[in-house]
Protein chains: 2
Amino acid sequence: MTSRPGLSLAQRKRQLVADELTEAALQLLALRGFDGVTVDEIVAAAGVSKRTFFRYFASKEDVVVQFLADMGTDMCAELASRPAGEPPSTALLRTVLVPLTTCGAHSEKALPLVRLILRTPALHARFLERQAQWREGLSTELARRLGLDPAADLYPHLAAGMALTAFDTVLWRWSESEAGDDPTELAEQAFAVIGTSLDTVG
Amino acid sequence: MTSRPGLSLAQRKRQLVADELTEAALQLLALRGFDGVTVDEIVAAAGVSKRTFFRYFASKEDVVVQFLADMGTDMCAELASRPAGEPPSTALLRTVLVPLTTCGAHSEKALPLVRLILRTPALHARFLERQAQWREGLSTELARRLGLDPAADLYPHLAAGMALTAFDTVLWRWSESEAGDDPTELAEQAFAVIGTSLDTVG
DNA sequence: CGCACCTTGACACCAAGTGTCATGCGCGAC
DNA sequence: GTCGCGCATGACACTTGGTGTCAAGGTGCG
C-alpha cells in the first residue's frame, strides 16, 4: 500500500516492519475502534517494542493516516503532469481522481478505512491536517501553471480548496453509501457543480 | 469573548472561572507557544487545580479553540435568518462575514490568536475539525432553504464547503499579512471567484 | 439546624510520547 | 577471519495529557 520500489537493502527492512505495524494496527482498530486499542496492544501484536513503534510513526494516529502523505505527492505529481493548456477544472478533476480511483479499485479495504477515519474525531482531525498540506502543494503548483503569485492572488488557494472540498464531499458520500457508489462518478458530479468558477479566472 | 448573557446565577461563576482560565492560557501560550506551556503551568497561573481545568475544557487545545463552537452556531443562525429568496452566494457571504467582521473589529486580539491557531499543528487540526462541524450545520440549513435532500444532493455539502474554503483562504491570507488587510474585503474578493458556481444550481 | 446539591481539590491511575543508554547485528576495512 | 563502525532495536525511566474517585467545603432551602 505504501511500498515504493527500488530502495536500498536496509530500507526494505524498514518497510517490512512498518507494514507489519500498520497491518496489525488496522486489524485491531477496525475491530475495537481507535480508542479501544492501545499502542501497547498494537506493538504486542506486531512483536516490536513501543519505542520502535514511535520510531516509525510520529503518533498513534499516524499509523492509520501516514499513507495520505504519499497520496498528496501523487496528486501534486498528477497536477504537474497535466498539459499546460488544460483548463483548471479538468486538471483538478484529474488530480482528485488519482486517490479516488484507487479507493474505488480497492474498496474492500479502502471503504472500512475511510469510514474509520471519517468517524473517529482524532483521525479525522489528522486527516484534515494532511489535506491542508495537500492544499499548499496544489495551490503552489496551480500558481506555477497559471503564472500567478500565490501570495498575492487568492485564486490558487481557493481553487485548490474547492477541489479538495469536492474530494471531501465525494469521500464522505462514498463512506455513507451502503453498497458503494462509484467515487469517480461522484467526483464528476461534484466537478459539474464547482467547475464553473474554477475556469472563470480573473 | 465567550460570554452569553442572561444565565442563572451559579452559572455565571462558571463563566468567571472559564474566562480566568482562558485568559491565563492565552497569555502564556502567546508567549511561549503551545508546546512550551503545560496545563500545570496554566492552572497554576489561574489558581485552580488541574482537575478543574479539565472540568471546563475537554483538552488543552479546547481552551484556545472552544469559542469556535459559538461562532459556528452564530453562522448557522445568520444563514437561517437570510431572506428566502436570496441567492446562495450572497447568503453564504453574509454568513461567512459574521466571524470575519468580528475578527476585523478586534484584530489586536484576534490576529495573534488566529496566527497561533494556524501555525500550531495541534490547534490547526482541532480548528479544522470544528470547521467540519460548521459544514454539517451549514449544509443542512442550506438544504432546508433550497428544499433539497442533503443525503442525496451533493450541492449543499459542496456549497458549504466552498464557503468555508473561502473563509479559510481569507483567514490564512489575513494571518500572513503584516499590517492586517481587511478580512471583509478579502471575503468579497474570494466570493467573487467562487460565487459563479454557488448560484448555478442543478 | 440539618439536609441536599454542586463545585472543588487531592490523589491515584492510565495512555501517549520522548530521552537515554546498552545491546546486538550486518558489513566493509584490514 | 576479525576488528570495528554504524544502525536498528529494546529496556527503562520520565514527562505530560487526561480520567475516576472520593472527601471536604460552600450555598440555598425547608
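Letters A, B, ... are given to chains in the order of the sequence lines, protein chains preceding strands, and every chain is numbered from 1.
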Nearest whole angstrom, please: distance from the P of D/dT9 to the CG of A/Leu21.
10 Å

Is any side-chain nitrogen or oxygen of B/Ser49 closer than 4.0 Å to OP1 or OP2 of C/dA10?
no

Side chain of A/Tyr56: nearest nucleotide among D/dT9, D/dG18, C/dG9?
D/dT9

Could you tell me whether the phosphate oxygens of C/dA15, OP1 or OP2, come under 4.0 Å of any side-chain nitrogen or oxygen in A/Thr38?
no

Ion pair check, B/Arg173 and B/Glu176, cut-off under 4.0 Å:
no

For A/Trp134, all residues meeting ring pair (Phe, Tyr, Trp, His ring centres under 6.0 Å), sequence neighbours excluded
A/Phe167

Look at the side chain of A/Ser177 and the backbone N and O of A/Trp174, then say whether any donor-acceptor pair between them is shorter than 3.5 Å.
yes

With sequence neighbours excluded, residues passing ring pair (Phe, Tyr, Trp, His ring centres under 6.0 Å) with B/Phe53:
B/Phe57

Whole-Å distance separating the CD atom of A/Glu41 from the P atom of C/dC14
14 Å

Would you call B/Arg82 and B/Glu78 a salt bridge, taking side-chain N to carboxylate O under 4.0 Å as the test?
yes

Can you measure A/Asp40 atom CG to C/dA16 atom P for me and round it to whole angstrom units?
7 Å

Whole angstroms only, please: what is the CD-P distance between A/Glu20 and D/dA8?
18 Å

Within residues 125-132 of chain B, those residues having any heavy atom closer than 4.0 Å to DNA chain D are none

Intra- and inter-strand pairing of DNA chain C, written as dot-bracket with Watson-Crick and G-U pairs under 3.5 Å and | for the latter, reads ||||||||||||||||||||||||||||||

A/Asp62 CG to C/dT18 C1', in whole Å, measures 16 Å

Should B/Arg130 and B/Asp62 count as an ion pair when the cut-off is N to O under 4.0 Å?
yes

Is it true that A/Glu41 and A/Arg32 make a salt bridge, defined as a side-chain N closer than 4.0 Å to a carboxylate O?
yes

Select base, sugar-phosphate, or nothing to describe what A/Phe53 touches, counting heavy atoms under 4.0 Å on all strands.
nothing

Could you work out, with side chain to side chain donor-acceptor pair (under 3.5 Å) as the rule, every residue matching B/Ser107, not counting sequence neighbours?
none

Among C/dA16, D/dG17, C/dG9, which is the nearest nucleotide to the side chain of A/Val39?
C/dA16

Without hydrogens or angle criteria, can the side chains of A/Thr196 and B/Thr200 be said to hold a donor-acceptor pair below 3.5 Å?
no

How long is the line joining CG of B/Leu123 and P of D/dG17, in whole Å?
13 Å

Would B/Arg135 and A/Thr169 count as having a side-chain donor-acceptor pair, cut-off 3.5 Å?
yes

How long is the straight-line distance from CZ of B/Arg145 back to CG of B/Leu138, given to the nearest 0.5 Å?
11.0 Å

For nucleotides 19-22 of chain D, tabulate all protein N/O to nucleotide N/O atom pairs closer than 3.5 Å, reporting atom names and distance.
{"unit_1": "D/dG20", "atom_1": "N7", "unit_2": "B/Arg51", "atom_2": "NE", "d": "3.2"}
{"unit_1": "D/dG20", "atom_1": "N7", "unit_2": "B/Arg51", "atom_2": "NH2", "d": "3.0"}
{"unit_1": "D/dG20", "atom_1": "O6", "unit_2": "B/Arg51", "atom_2": "NE", "d": "2.8"}

Rounded to whole angstrom units, what separation is found between the NZ atom of B/Lys60 and the P atom of C/dA16?
18 Å

Side-chain (B/Thr52) to main-chain (B/Val48) donor-acceptor, under 3.5 angstrom
no

